[in-house]
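Data first, discussion second: the structure below is written as structure tokens.
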Amino acid sequence: MFALVDVNSFYTSCETVFRPDLQGKPVVVVSNNDGCIISRSAEAKALGIKMGAPYFKIKAELQRQQVAVFSSNYALYADLSHRVMMTLAEIAPAVEVYSIDEAFLNVSGVSRCLSLETFGHQIRNRVLKHTGLTVGVGIAPTKTLAKVANYAAKRWRKTGGVVDLSDSERRRKLLPLVPVHEVWGVGRRISKKLEMLGIGNALQLAESPTWIIRKHFSVVLERTVRELRGEACLEPEEFAPTKQHILCSRSFGHRISTYEEMHQAVCAYAERAAEKLRKEKQFCCVISVFMRTSSHAANEVFYDPQASGRLAVPSNDTRDIIRVATNALDRIWKDGHRYMKAGVMLSDFYSLGVAQLNLFDEYQPRANSNELMQVIDKLNQSGRGTVWFAGQGIQQSWAMKREMLSPGYTTRYSDLPVVK
DNA sequence: TCTGGGGTCCTAGGACCC
DNA sequence: TCTGGGGTCCTAGGACCC
């Protein structure tokens with residue numbers, strides 16, 4: 001039995017926890033670079049503000065409606081997320097963190113002690129008390145059904161934020177009320193196709209013959225259908241699987257047209273990617289770099305090249321990653337464009353000890369690499385950027401825009417809230 | 001002027017092997 | 001008239017998730 005717990009309007013809720021004056025008011029959070037809307041409070045949703053709307057297009061309207069706007073403050077969200085997950089870990093037998101604001105709990109066996117619904121309310125109360133955040137809880141025998149239950153818990157007030165779908169009769173009543181595009185794993189394209197086949201709600205999807213699904217779609221949707229019927233296809237995951245790729249990419253605060261600036265950005269992203277790689281305790285062989293101009297600029301040529309390079313020996317040393325990344329950049333750089341974004345991707349990972357050394361390898365791993373990287377990571381641990389490689393520059397005129405950033409309430413001493 | 005940043009999995013098609 | 005049968009690996013692209 002699974003419980004899916006997720007925080008209501010996570011990013012905006014994080015902001016209002018520290019701004020009680022904004023509770024009950026329309027609040028939104030915009031993406032990196034103050035690009036588009038990525039989180040809305042219930043009041044903002046009620047005003048009809050759309051998810052993903054470009055901020056610059058609706059700025060005037062937001063002002064008129066007196067909507068509070070915040071730049072993304074990931075340091076804050078990550079910290080509150082961690083607190084939520086720790087709280088869940090105290091109550092539940094097993095917690096699988098699924099995203100920054102969601103976790104699947106394995107609640108098998110709980111019903112022997114107390115009703116699952118009661119358990120759901122205990123979770124809500126505890127998280128609210130510890131973090132000031134409100135969660136929804138959906139309980140069911142499969143992950144997909146737990147998602148459906150969670151949707152219902154949010155959608156209908158009278159549920160009190162907890163829905164238990166362990167009873168199959170209750171599922172038969174609820175599933176027809178759930179539009180097919182709200183089902184986990186059914187996105188825009190698939191829901192459109194399903195609707196053309198006359199499948200409009202979750203019950204109709206659950207009752208579709210498997211061969212029809214396989215004829216028109218892939219095994220992924222077949223699994224979804226089985227899960228909706230109550231047949232578990234997705235296991236609880238005890239350990240987070242190791243990543244296949246690590247990507248660091250950003251849009252720039254303004255368009256870049258000089259090689260120097262691009263070189264700095266690629267160095268900075270390579271450095272950050274290497275840091276993530278070390279955090280995963282992995283080593284990589286392949287480093288790719290991409291950059292692109294705006295796809296929205298109608299009268300400019302769209303240019304989005306990509307190049308990659310390979311290390312002979314797997315490494316997670318920032319110096320190796322930067323060397324290959326800048327080398328790849330040199331192969332794709334072209335003057336005369338206004339670039340809006342770039343990124344560095346790492347792939348082909350190896351764990352410590354399993355790397356295959358090249359028989360004729362003349363590059364031996366760098367001496368003391370491990371120790372040096374450890375020192376750097378430790379220095380940068382609290383508040384990024386204590387030490388860095390020269391390549392990424394000091395000024396960083398291209399750095400992303402975050403003009404409405406809230407304080408680091410829980411991650412920075414100087415920003416601690418003061419009670420007067 | 002101005003449109004995020006991460007990830008996953010699956011499939012099809014091509015190159016290549018015997 | 002007519003050209004096997006079975007694989008693997010890689011890549012690009014498409015779908016989805018948050």
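Letters go in sequence order (proteins before strands), and every chain restarts at 1. No hydrogens, no waters, no symmetry mates; every other heavy atom, side chains included, goes into these values.
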> Does atom CE of A/M86 have more than 12 heavy-atom neighbours from other groups under 6.0 Å away?
Replying inline: no
> Is the centre of the A/F2 ring less than 6.0 Å from the centre of the A/W184 ring?
Replying inline: no
> Could you state the CG-P distance from A/L346 to B/dG6, rounded to the nearest angstrom?
Replying inline: 11 Å
> Could you walk me through whether A/S397 and A/E261 pass the side-chain hydrogen bond (donor to acceptor under 3.5 Å, both in side chains) check?
Replying inline: CA-CA 8 Å; A/S397 60; A/E261 286 177 301; 2.7 Å; yes
> Once you round it to whole Å, what is the distance between C1' of B/dG6 and OH of A/Y74?
Replying inline: 9 Å
> With sugar-phosphate meaning primed atoms plus P, OP1 and OP2, does A/V30 contact a base, only sugar-phosphate, or nothing at under 4.0 Å between heavy atoms?
Replying inline: nothing
> A/K243 near the nucleic acid: base, sugar-phosphate alone, or nothing, with a heavy-atom cut-off under 4.0 Å?
Replying inline: sugar-phosphate
> Tell me: CE of A/M400 to C1' of B/dC2, nearest whole Å?
Replying inline: 16 Å
> Taking side chain as C-beta onward, heavy atoms only, is A/E237 less than 4.5 Å from A/K143?
Replying inline: yes
> With stacking defined as ring centroids separated by under 5.5 Å and planes differing by under 30°, is A/H254 stacked against B/dT1?
Replying inline: no
> Does A/K276 or A/Y55 map to a spot on DNA chain B nearer the 5' end, using the closest nucleotide for each?
Replying inline: A/Y55
>> With a cut-off of less than 4.0 Å, is there a side-chain N or O of A/R338 near OP1 or OP2 of B/dC2?
In response: yes
>> Less than 6.0 angstrom separating the ring centers of A/Y339 and A/W398, yes or no?
In response: no
> How long is the line joining CZ of A/R250 and P of B/dG6, in whole Å?
Replying inline: 5 Å
> Do the non-hydrogen side-chain atoms of A/F290 and A/S249 ever get within less than 4.5 Å of each other?
Replying inline: yes
> For DNA chain B, what is the dot-bracket line, given that a base pair needs Watson-Crick (N1 to N3, plus N6-O4 or O6-N4) or G-U wobble (N1-O2 and O6-N3) geometry with both distances under 3.5 Å, and | means paired with another strand?
Replying inline: ....||||||||||||||
> Quick one: A/E300 CD to B/dT1 C1', roughly how many Å, whole number?
Replying inline: 12 Å
>> Any side-chain N or O of A/K341 below 4.0 angstrom from OP1/OP2 of B/dG5?
In response: yes
>> What contact category does A/K57 fall into here, base, sugar-phosphate, or nothing, at under 4.0 angstrom with non-hydrogen atoms?
In response: base
> Taking only side-chain nitrogens and oxygens of A/S249, does any of them come within less than 4.0 Å of OP1 or OP2 of B/dG6?
Replying inline: yes
> Any side-chain heavy atom of A/V17 sitting closer than 4.5 Å to one from A/T131?
Replying inline: no
> Reading nucleotides 7-18 of chain C from the 5' end, what letters show protein touch, with B for base, S for backbone sugar-phosphate only, - for no heavy atom under 4.0 Å?
Replying inline: --------SSSS
> Please give, in whole Å, the distance from B/dG6 C1' to A/Y11 OH?
Replying inline: 9 Å
> Starting at the 5' end of DNA chain B, which residue's closest nucleotide do you reach first, A/C248 or A/F217?
Replying inline: A/C248
>> Under the ring-ring contact (aromatic ring centres under 6.0 Å, His included) definition, can you give me all pairs with a residue in residues 124-163 of chain A, not counting sequence neighbours?
In response: none
>> Any base atoms under 4.0 Å from A/N33, or only sugar-phosphate, or nothing? Heavy atoms, all strands.
In response: nothing
> Pick from A/L277, A/N316, A/T242: which one makes a side chain to side chain contact (heavy atoms under 4.5 Å, CB included) with A/F349?
Replying inline: A/L277
>> Just by distance, no angles: are the side chains of A/D317 and A/S315 close enough, under 3.5 Å, to form a donor-acceptor pair?
In response: no
> Atom NZ of A/K401 and atom P of B/dG5: how far apart are they, to the nearest Å?
Replying inline: 13 Å
>> Heavy atoms only, 4.0 Å cut-off, all strands: where does A/H245 land among base, sugar-phosphate and nothing?
In response: sugar-phosphate
> For the pair made of CD1 in A/I246 and C1' in B/dG5, what is the distance, rounded to whole Å?
Replying inline: 14 Å
